[in-house]
Structure formats: structure tokens, C-alpha cells
Engineer: 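Handing you a structure now.
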Amino acid sequence: MTLHPNIDQYSGPLALLLPLTELLPENYAQYRPLLADGLVFFLQRLSPLRQQAIVAAQIQLPISASREQRVISLFRLCPTLHKLGQVVAHDRRLSADLRQRLQELETLAPTDSLAAVRPLLDREVGPVAGLQLGQETIAEGSVAVVVPFVWQQAKDAAPQRGVFKVLRPGVQERLEEELAIWPLLGIFLEERCAYHGLPVLDYGNTLETVAHLLANEVRLDQEQEHLRQAADFYAASPDILIPRLFPFCTRLVTAMERIDGCKVTHQDLPAAEMRQRAERMIRALLAQPFWGSDSDEAGALFHADPHAGNLLAMPDGRLAIIDWALTTRLTKAQCEAVVQLGLGAVTLNETRVRRAVAALGQVVDEARVRLAVGAGIQQVRTGCFPGFDWMTSLLDSLAASSAVRFPQEIALFRKALLTLSGVAADVSEQMTMDSVLVRHGATQFLQGLLRRPWAWADSRAVGAHLSTADLVGLCADLPATTLRFLAGDSGWSGGLPGRR
């Protein structure tokens with residue numbers, strides 16, 4: 001199916017956006033023509049009114065406006081692009097100038113007035129005794145606008161500060177229009193890859209998956225349930241703050257505690273304390289849910305949109321985690337498969353790694369899996385620590401080559417790890433995800449030692465997603481691991497977790 005056989009020549013007002021493709025780093029320059037194709041394909045399928053608004057916004061910018069400023073103007077008018085910009089805002093493969101501009105998307109000054117959202121608030125919430133709205137909106141995101149309020153529940157009660165999270169006027173229609181384009185865009189990009197002589201990657205399935213998940217952004221009732229689940233999970237963590245919900249939430253309006261903090265990436269503390277902030281963030285968003293699901297068959301709930309605008313450092317040192325619209329849940333079996341993948345890499349056991357990959361997704365091309373896993377094991381053999389950076393790189397290569405089709409929860413987990421890795425590095429380069437994850441995993445393992453004698457040998461509910469049989473197998477595999485190590489091109493340096 002050819003969706004657009006030839007777009008070598010661009011014309012019309014939308015063509016003024018094509019120079020934005022030069023923002024791709026030089027090492028990805030070969031993909032600039034493909035990005036231009038995709039950008040035009042996407043914009044041409046928006047309604048004429050939206051195209052006119054996008055062009056008008058570009059014309060209103062000063063002639064001296066940078067490419068970074070122009071891309072921000074475009075992203076603000078397209079919620080799906082806005083969200084993608086937030087996802088890659090801390091990706092260090094991009095230039096520092098572009099990352100800095102994209103990070104503006106994390107906390108934007110509102111363009112929608114209180115008058116624009118007041119009718120929805122009046123209809124949904126209605127009159128509430130002791131409730132006083134603020135005079136104006138205070139922030140906006142990709143799909144919602146924030147309205148402050150003060151609520152005094154009773155005459156003798158202390159006033160409580162909160163915010164309403166309300167969908168921006170017209171955003172649901174814009175989002176639906178854009179999400180309908182994404183699956184077609186994926187197919188189109190695969191066709192254009194062949195035209196430009198680029199590797200044909202699995203854009204279609206990837207974009208369709210992300211589109212499905214982004215549709216949850218406007219499900220405020222679903223986010224409210226996620227907030228309740230998160231509050232329960234972090235109840236025993238005094239240094240983690242989850243916004244408290246107020247009783248007058250509705251399906252279209254979330255009423256929650258107002259959080260006054262700064263973005264975690266704000267360098268406002270000495271280096272040692274910034275390192276502690278990064279550790280707290282990685283622990284809360286990755287280590288706690290991953291290892292905390294050890295005896296929970298329901299699995300682990302992860303915040304799937306951990307950009308810096310959703311992670312606030314409080315004056316008292318706590319970490320506030322807000323905006324729970326996007327989450328993903330890994331089952332206990334999937335967490336076990338991740339651990340098995342890591343053990344396979346540590347022991348240079350390609351068969352074990354391939355078995356773990358098959359447990360995480362549907363293998364489509366066994367030959368490509370063997371090649372990718374072999375290359376990944378060679379990276380470990382030559383000094384790469386087989387942590388989460390290594391794992392996500394392997395899974396990304398398998399997904400991109402269509403060798404494995406991963407379920408939506410794994411795709412979103414990979415996306416969340418990419419975002420979190422970039423944010424953590426911007427908070428403190430001295431603290432890595434692998435070091436935190438390994439340390440907390442070791443603690444979980446030690447805490448489970450006393451339960452192992454009374455557990456079945458194959459039970460993985462006694463610490464760090466590892467059974468006693470797994471441990472015995474590791475010991476028995478040591479001679480074979482040594483042989484695999486010696487058979488490699490060079491030795492593994494055995495670097496500490498977090499080594500790059």
C-alpha cells in the first residue's frame with residue numbers, strides 16, 4: 001500500500017517548517033529527509049483550520065527566531081508532538097540547545113484563560129461550600145490546564161490549597177485527529193525508508209502502540225485511580241509525596257493537592273545533595289516498583305511519563321511525583337524475565353538471554369534475535385555493564401528490526417526508562433540507574449534469605465525475583481561461564497554498576 005508515492009518536492013506554507021529537520025544531530029543526518037517526509041505527511045492530514053493556525057503561529061514569530069523556538073511553537077499546537085518533545089527533552093543524543101528548548105514543554109505558562117475552562121468547571125463540579133477559585137490558570141501541559149483553588153471544608157478547619165486539572169478546550173478533538181494519523185504515518189515511514197535507502201524499521205507497530213497509550217492522557221478518571229494506587233504504594237515512603245485527591249473529582253476534572261516545588265533538574269543544592277536527589281528519584285520510580293513486586297502477582301506499577309516537569313523537589317527534601325495519566329504495569333513474570341535477561345548477560349549465556357527475550361515479547365525473526373543477542377553479549381564481554389542501559393539498547397534494537405514484537409506495557413516501560421535515564425543524568429551525573437537498582441536488588445535478596453529454606457526451590461517470591469534453583473544453576477554454570485569468557489575476543493573488565 002503506497003500512501004504517498006512521491007513527495008520529493010515540497011510546496012505551500014507548511015514547507016517553511018522543513019528546516020526544523022536540521023535539528024536532528026549530525027550523526028543522524030541521514031534521517032533528515034525521512035523526518036521531512038514524516039512531518040509533511042502528518043501536517044497535511046490535519047484539518048485546514050489547524051494548518052492555518054500552525055502557519056500563523058510561525059509567521060508571528062520574529063524573523064530572527066531560532067529553529068528551536070519554531071519547533072516549540074509547532075509542538076504547543078499539536079498535543080502528540082508536545083508529548084514526544086517532553087519524552088526526548090533530556091535525551092543526551094540531542095544537542096544541548098535543543099534539549100533546553102524542549103524542556104520548556106515540561107512547564108509552560110498557560111495560554112488558556114480561566115474564562116475558557118470555567119464553563120466546564122461549573123458544569124462538572126458545581127457549587128462547593130467553602131471553595132474559592134483562583135483568578136487565573138497557572139500552568140498547562142500537553143492536554144490539560146491547571147486552575148488553583150482554596151477550600152475550607154468547615155468554618156473551624158484550616159484552608160486547603162489545591163488545583164483543578166481540566167482538559168484544555170478542544171484538546172480531545174485535536175488529540176483524536178492526530179492519533180488517527182499515527183498508524184498511517186508508521187506505514188508511510190516504512191515505505192520511505194526503502195526509498196531513502198535507510199533500514200526499514202518497525203515504525204508502524206511502534207507508533208500505533210504509542211498512539212493507543214497517549215489516548216489515556218485525556219482519561220482523567222483513570223489518572224485519579226492511578227493516583228490512589230500510587231498513594232497506597234508509597235504510603236510507607238516518607239520522602240515521596242503523591243498529590244492527595246479532593247472529594248469533588250469528576251470524570252472530566254481532577255481536584256488534587258497543590259504541590260509547590262521546583263523541577264528536580266534545578267541545580268539548587270550542592271553536588272552531594274543533588275546526587276541524593278537523583279538516587280531518591282531512581283529508587284522511587286524504578287527500584288521500588290520493580291523489586292517491590294517480588295511477591296505480588298499483580299506486578300509493578302510504573303509512572304510512564306517521568307519527565308522533569310512531573311518530578312518536583314520539595315523544600316523539605318521530599319520528591320513529589322505528579323501527573324499519573326500514563327502508567328504501565330509489568331507482571332511478576334515480566335519482572336522475572338528482566339532479571340533472567342540480566343543473569344544471561346552476566347554469564348555470557350546467549351541461550352538464556354534469548355529465552356528471556358522470548359518471555360518478554362513475541363519472536364518474529366529468530367535469526368535476527370540471534371544476531372542482536374550475540375552483539376549484545378559481545379558488548380558485555382568487552383566491558384559494557386549489563387544493566388538497564390544495556391538491556392534497553394538490546395530491546396530497542398530487537399523492536400526496531402522487527403525481530404520481536406513487544407506488548408504495549410514493555411514498549412511503554414522502555415520509553416519511561418529512556419526518559420528517566422536522561423532526567424537522572426541532568427540531576428546528577430554521579431548517580432546512575434544501574435547502581436541504584438543493583439543496590440536495592442541486593443537488599444531485597446538479603447531480606448529474603450531467611451524465607452528461602454521454607455520456600456519451594458523454584459519459587460521466585462523470596463527475594464529479587466530469584467529462586468533457589470536459579471542460584472544453584474548460577475553456581476553450576478560458573479565453569480561454562482569461564483569457558484565462554486575465555487572464548488571471547490577480549491575479557492570483561494567487571495566494571496561497577498553504572499559504568500558506561
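Numbers for residues simply follow the sequence, beginning at 1.
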Engineer: Under a 4.5 Å cut-off applied to non-hydrogen side-chain atoms, are C384 and D389 in contact?
Structural biologist: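 Contact flag for C384/D389 side chains = no.
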
Engineer: Taking salt bridge (Lys or Arg N to Asp or Glu O under 4.0 Å) as the cut-off, I'd like each qualifying pair that reaches into residues 56-70, sequence neighbours left out, listed once.
Structural biologist: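 Salt bridge (Lys or Arg N to Asp or Glu O under 4.0 Å) check on residues 56-70 returns E22-R67.
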
Engineer: Tell me, do I321 and N310 make a side-chain contact under 4.5 Å, heavy atoms counted?
Structural biologist: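 When only atoms from C-beta onward are counted, N310 and I321 do not touch, as no gap falls below 4.5 Å.
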
Engineer: Okay, side chain of R277, backbone of V264: is any donor-acceptor separation there less than 3.5 Å?
Structural biologist: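 At least one qualifying donor-acceptor pair exists.
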
Engineer: I'd like to know if the side chain of Q267 and the backbone of D426 have a donor-acceptor N/O pair within less than 3.5 Å.
Structural biologist: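 Here the side-chain-to-backbone pair exists.
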
Engineer: Do F385 and T432 come close enough that some side-chain heavy atom pair is under 4.5 Å?
Structural biologist: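 Not in contact.
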
Engineer: Return the minimal non-hydrogen interatomic distance between C335 and H465, and the atom names on each side.
Structural biologist: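 Nearest heavy atoms, C335 then H465: CB-NE2, 3.6 Å.
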
Engineer: Can you check whether A284's main-chain N or O pairs, donor with acceptor, with Y234's side chain at less than 3.5 Å?
Structural biologist: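 Side chain of Y234 to backbone of A284, a donor-acceptor pair under 3.5 Å: yes, one is there.
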
Engineer: Identify the heavy atoms of A372 and L394 that sit nearest to each other, and give their distance.
Structural biologist: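 In terms of heavy atoms, the two residues are closest at O-CD1, 3.6 Å.
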
Engineer: Identify whether the distance between the nearest side-chain nitrogen and carboxylate oxygen of E225 and R228 falls below 4.0 Å.
Structural biologist: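 Here E225 pairs with R228 in a salt bridge, since their nearest N and O are under 4.0 Å apart.
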
Engineer: Given side-chain contact (heavy atoms from CB on, under 4.5 Å), test V143 with H82 step by step and report yes or no.
Structural biologist: CA-CA 9 Å; V143 301; H82 188 150; over 6 Å; no

Engineer: Ignoring hydrogens and geometry, is there a side-chain-to-backbone donor-acceptor pair from W390 to G342 under 3.5 Å?
Structural biologist: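 Not at all, since once roles are kept as given, no pair shorter than 3.5 Å links the two residues.
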
Engineer: Answer whether the closest heavy-atom distance between the side chains of E217 and L326 falls below 4.5 Å.
Structural biologist: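 Contact flag for E217/L326 side chains = yes.
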
Engineer: Salt bridge (charged side-chain N to carboxylate O under 4.0 Å, His left out) with R76: which residues, sequence neighbours excluded?
Structural biologist: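 Salt bridge (charged side-chain N to carboxylate O under 4.0 Å, His left out) list for R76, sorted by chain: E140.
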
Engineer: Work out which heavy atom in Q222 is nearest to a heavy atom in A325; give both atom names and the distance.
Structural biologist: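 Scanning both residues, the minimum pair turns out to be NE2-O, 4.3 Å.
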
Engineer: Would a distance-only check, ignoring hydrogens and angles, find a side-chain to backbone donor-acceptor pair under 3.5 Å from T328 to E409?
Structural biologist: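 At least one qualifying donor-acceptor pair exists.
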
Engineer: For the CG atom of L81 and the CG atom of L39, what is their distance to the nearest 0.5 Å?
Structural biologist: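 Atom-to-atom, L81:CG and L39:CG are 8.0 Å apart.
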
Engineer: Rounded to the nearest 0.5 Å, what separates atom CD in E177 from atom CZ in R50?
Structural biologist: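 Here the interatomic distance stands at 5.0 Å.
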
Engineer: side-chain contact (heavy atoms from CB on, under 4.5 Å), that's the test. Do F41 and I181 meet it? Break it down for me.
Structural biologist: CA-CA 9 Å; F41 183 93; I181 299 171; 4.3 Å; yes

Engineer: I need the Q288 CD to R280 CZ distance, nearest 0.5 Å.
Structural biologist: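 Nearest 0.5 Å value for the CD-CZ distance: 11.0 Å.
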
Engineer: Just how far is it from atom CE of M256 to atom SG of C249, taken to the nearest 0.5 Å?
Structural biologist: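 SG of C249 is found 8.5 Å from CE of M256.
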
Engineer: Using modelled atom types and a 3.5 Å cut-off, is there a donor and acceptor pairing between side-chain atoms of R244 and backbone atoms of A231?
Structural biologist: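 Side chain of R244 to backbone of A231: no pair is present.
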
Engineer: Where does the angle between the aromatic ring planes of F149 and F164 fall among parallel (under 30°), tilted (30 to 60°) and perpendicular (over 60°)?
Structural biologist: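 Tilted, since the angle between the ring planes falls between 30° and 60°.
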
Engineer: Using side-chain heavy atoms (C-beta onward) and a distance below 4.5 Å, is L301 in contact with P289?
Structural biologist: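 L301 does not reach P289 side chain to side chain.
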
Engineer: Under 4.0 Å between a side-chain nitrogen and a carboxylate oxygen: does that hold for K83 and E178?
Structural biologist: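 Result for this pair is no, no salt bridge flagged.
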
Engineer: Can you tell me how far the CG atom of L398 sits from the CG atom of D365, to the nearest 0.5 Å?
Structural biologist: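 Rounded to the nearest 0.5 Å, the CG-CG separation comes out at 10.5 Å.
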
Engineer: Answer yes or no: is there an ion pair linking K332 with E336, defined by an N-O contact shorter than 4.0 Å?
Structural biologist: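 Looking at K332 and E336, the cut-off is met.
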
Engineer: In terms of heavy-atom contacts, does CD of Q100 have more than 12 from other residues, nucleotides or ligands at under 6.0 Å?
Structural biologist: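 Not more than 12 within 6.0 Å, no.
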
Engineer: Cation-pi check for F42 against R45: NZ or CZ below 6.0 Å from the six-membered ring centre and within 45 degrees of the axis, yes or no?
Structural biologist: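 Judged by the rule, R45 and F42 form no cation-pi pair.
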
Engineer: Would you check, one step at a time, whether the test side-chain contact (heavy atoms from CB on, under 4.5 Å) holds for L418 with T392?
Structural biologist: CA-CA 8 Å; L418 172 65; T392 52; over 6 Å; no

Engineer: Any side-chain heavy-atom pair from V166 and L252 closer than 4.5 angstrom?
Structural biologist: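 A side-chain contact is absent here, since even the closest heavy-atom pair is not under 4.5 Å.
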
Engineer: Would you say the ring centers of F290 and H440 fall short of 6.0 Å from each other?
Structural biologist: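 Ring centres of H440 and F290 not closer than 6.0 Å.
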
Engineer: Can you check whether S401's main-chain N or O pairs, donor with acceptor, with R368's side chain at less than 3.5 Å?
Structural biologist: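 The answer is yes, because a donor-acceptor pair under 3.5 Å joins these two groups.
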
Engineer: Report the C-alpha distance between E223 and D323 in whole Å, list the side-chain angles of each, state the deciding distance to 0.1 Å, and finish with yes or no for side-chain contact (heavy atoms from CB on, under 4.5 Å).
Structural biologist: CA-CA 8 Å; E223 180 186 12; D323 195 347; 3.5 Å; yes

Engineer: Where is the tightest heavy-atom contact between S142 and P79, given as atom of each residue plus distance?
Structural biologist: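 Here S142 and P79 meet closest at O-CB, 3.6 Å.
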
Engineer: Tell me, which pairs form a salt bridge (Lys or Arg N to Asp or Glu O under 4.0 Å) where one or both residues lie in residues 249-259, sequence neighbours left out?
Structural biologist: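 As it turns out, the salt bridge (Lys or Arg N to Asp or Glu O under 4.0 Å) pairs with a partner in residues 249-259, which skip direct neighbours, are R258-D260.
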
Engineer: Do you know which two heavy atoms are closest between I259 and A320, and how far apart they sit?
Structural biologist: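 For I259 and A320, the tightest heavy-atom pair comes out as CG2-CB, 3.6 Å.
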
Engineer: Looking only at heavy atoms, what is the nearest atom pair of L437 and W291, with distance?
Structural biologist: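 Looking at all heavy atoms of both residues, the closest pair is O-NE1, 3.0 Å.
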
Engineer: As an exercise, state the distance from CG of L417 to CG of L412, rounded to the nearest 0.5 Å.
Structural biologist: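 Here the interatomic distance stands at 10.0 Å.
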
Engineer: If you define the side chain from C-beta out and look only at heavy atoms, does anything of S402 sit under 4.5 Å from V364?
Structural biologist: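 No, their side chains stay 4.5 Å or more apart.
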
Engineer: Is there a donor-acceptor contact under 3.5 Å from the side chain of E190 to the main chain of I187?
Structural biologist: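 No, because the side chain of E190 does not come within donor-acceptor range (under 3.5 Å) of the backbone of I187.
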
Engineer: Does Q44 reach the side chain of V40, with side-chain heavy atoms less than 4.5 Å apart?
Structural biologist: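 In short, these two side chains touch, coming nearer than 4.5 Å.
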
Engineer: Okay, side chain of H303, backbone of I322: is any donor-acceptor separation there less than 3.5 Å?
Structural biologist: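 At least one qualifying donor-acceptor pair exists.
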
Engineer: Are any side-chain N or O atoms of S73 and backbone N or O atoms of Q69, one a donor and one an acceptor, separated by less than 3.5 Å?
Structural biologist: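 Pair absent, no side-chain N/O of S73 close to backbone of Q69.
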
Engineer: Looking only at the side chains, is there a donor atom on one of Q224 and T254 sitting less than 3.5 Å from an acceptor on the other?
Structural biologist: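 Note: Q224 and T254 side chains meet the donor-acceptor criterion.
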
